Amino acid sequence: MATSVKNNSLPPSLISNLNQVLLSRQQHTIDHQSTNSSSLPSHSRNVDEPDCSKPLLLITNCEGIDSPGLIFLVQALLSDARFTLHVCSPQSDKSVAGHSLTVRETVAVCSVEISGATAFEVSGTPVDCVSLALSGALFSWSKPVLVISGINRGSSCGRNMFYSGAVAAAREALICGVPSLCLSFDWKKDVSSESDLKNAADLCLPLISAAVRDIERGKFPESCLLNIEIPSSPLANKGFKLTRQSLWRSPLSWKAVSAKRHPAAGQYLSNQQSLGIKLAQLSRDASAAGAARRLNSHRKNVEIESVGIAGKFNGQQTVKKYFRLELLEKETEKADDNLDFKAVEDGYVAVTPLSLSSTDQSKIETEVSSWISAALGREQWN
């Protein structure tokens, strides 16, 4: 909208100069934005511009971005060439993180090179990865067609599901309204190899493809995730089998250890104590440092290496113990053939539907059984 000069109290020459300056600045802004847009790295544009011609899958896991199970799964899906893949995974092993979220701390995210997929590693938990990916803060898309957690080494059967970061990642997707699968491989120590994980990934491709197809058709079972356990010999599997969650869990073994066997732990604690004193000395209240030094000068640290009770100590002594938790191998036992861990031991691919509410479990099992028999064919379903 033009402004009449005769109605303006400013001199005409000044108005002309101002108009020229404004036009010059507008042109500079347009040129600057055009230059920045063309100079953006290609991977940054890819995050905001997914290939909409293919179904979008979000891949995560609990063992970390570099785990072979995740890599083999991504490679298998890419070789299928029917999907667009985005990966958001922990940067380190978070296998027993459960359904934990990182709060009151900053989570770092870094791009990772995985050929054919847009990938990020996250400093948080598996649930952090799924929650962040589905929030819209990291990726521009609203939600993927399917979330897959895996392939994870070790059992997520029975009560192990409550500890499993892998199952929790798939559960978080379900909470957010996105269908999900959790893929776990029954890894046998000193027996299994990485080639087994590759075979496990190939074995799961038909199930994943059927899930994506029926999700888009509105035929995939709702209100549940599928926890899929792959036997230790994938190529010799007896087919897929609908199972129920058992009460089994990995035996837990807490062992008392000597501090000398773990010098890093003692050094860390010592450094933390020293750091606390230094910070106190730098604070305005120098008396805090003096109090800390006086307290430590009267305190005697006593390291206990035995498993038994440490006995009585006076108030001036600090008892320090060291323990390590080990998950033991599961023992073979007689059980119902339709329970998850028993089916895996018998050589089946166990498919256990898990819902957010136990009241609909029977209905969900019937629905999942009908879906898999139709999706994979009766010859693969037991």
Side-chain angles (χ1 to χ4, degrees), residues 43 46-47 49-90 111-122 126 129-130 132-134 138-153 156 165-167 169-170 172-174 178-185 187 194-217 219-220 225-230 234-235 237 240 349 351 371-372 375-376 380:
H43 69 80
N46 290 339
V47 172
E49 301 172 8
D51 185 357
C52 297
S53 64
K54 300 178 181 179
L56 177 62
L57 307 185
L58 174 65
I59 312 299
T60 188
N61 73 343
C62 67
E63 296 179 340
I65 194 77
D66 295 323
S67 68
L70 182 141
I71 299 300
F72 284 131
L73 177 62
V74 170
Q75 290 175 349
L77 291 169
L78 289 174
S79 66
D80 191 79
R82 283 186 286 177
F83 310 108
T84 297
L85 300 186
H86 282 187
V87 180
C88 191
S89 177
S111 61
V112 178
E113 183 64 28
I114 298 181
S115 180
T118 301
F120 290 91
E121 64 177 15
V122 180
C129 295
V130 174
L132 175 61
L134 299 181
L138 180 61
F139 301 111
S140 63
W141 36 261
S142 57
K143 67 178 183 179
V145 173
L146 178 68
V147 173
I148 305 176
S149 176
I151 294 172
N152 307 284
R153 289 181 293 186
S156 295
V167 174
E172 181 66 19
L174 181 61
V178 181
S180 60
L181 308 176
C182 179
L183 310 179
S184 298
F185 174 72
W187 183 272
E194 290 190 1
S195 63
D196 293 322
L197 291 170
K198 184 179 185 306
N199 294 331
D202 295 335
L203 174 63
C204 292
L205 275 183
L207 182 67
I208 295 172
S209 298
V212 172
R213 179 196 65 208
D214 287 349
I215 289 170
E216 293 181 324
R217 294 178 179 178
K219 296 182 178 181
F220 187 78
L225 67 93
L226 300 184
N227 186 45
I228 300 168
E229 296 280 333
I230 305 162
L235 296 180
N237 78 88
F240 293 80
V349 179
V351 180
W371 173 75
I372 295 185
L376 298 181
Q380 299 185 63

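Note that the structure is a prediction, hence the values are computed from the model and not measured.
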**Backbone N/O of S156 and side chain of E229: donor-acceptor pair under 3.5 Å** = yes

Heavy atoms of I114 and A119 approach each other most closely as CD1-CB, 3.7 Å

Are the side chains of L134 and P144 in contact, using a 4.5 Å heavy-atom criterion? yes

Output for pair (L138 CG, L132 CG), nearest 0.5 Å, gives 5.0 Å

Between F220 and W371, what is the ring plane arrangement, given parallel below 30°, perpendicular above 60°, and tilted in between? perpendicular

- Query: Hey, does the side chain of N237 reach the backbone of P234 with a donor-acceptor pair shorter than 3.5 angstrom?
  - Reply: yes

Distance col, row N152:CG vs L183:CG, nearest 0.5 angstrom, shows 7.5 Å

d(L225 CG, S149 OG) to nearest 0.5 Å is 9.5 Å

CG of D80 to OG of S209, rounded to nearest 0.5 Å, is 4.5 Å

Do E63 and L70 touch side chain to side chain, with heavy atoms closer than 4.5 Å? no

- Item | Aromatic ring pairing W187/F185, orientation class (parallel under 30°, perpendicular over 60°, tilted between) | perpendicular

Note: P90 and C129 closest approach over all heavy atoms is N-SG, 3.4 Å

Between T60 and C88 the two heavy atoms that sit nearest each other are OG1-O, 2.8 Å

Smallest heavy-atom separation, R82 atom then K54 atom, equals O-CB, 3.6 Å

Distance-only polar pair, side chains of N61 and S67, donor-acceptor under 3.5 Å:
yes

Rounded to the nearest 0.5 angstrom, the CD1-CG distance for I228 and L207 is 4.5 Å

- [ ] Using a 4.5 Å cut-off on heavy atoms from C-beta on, say whether the side chain of V87 contacts that of V112.
- [x] no

Looking only at heavy atoms, the pair that brings S180 and A170 closest together is OG-O, 2.8 Å

T118 side chain reached by F139 side chain, heavy atoms, under 4.5 Å: yes

Distance col, row L77:CG vs L57:CG, nearest 0.5 angstrom, shows 6.0 Å

Nearest heavy-atom approach of V145 to V178 is O-CG1, 4.3 Å

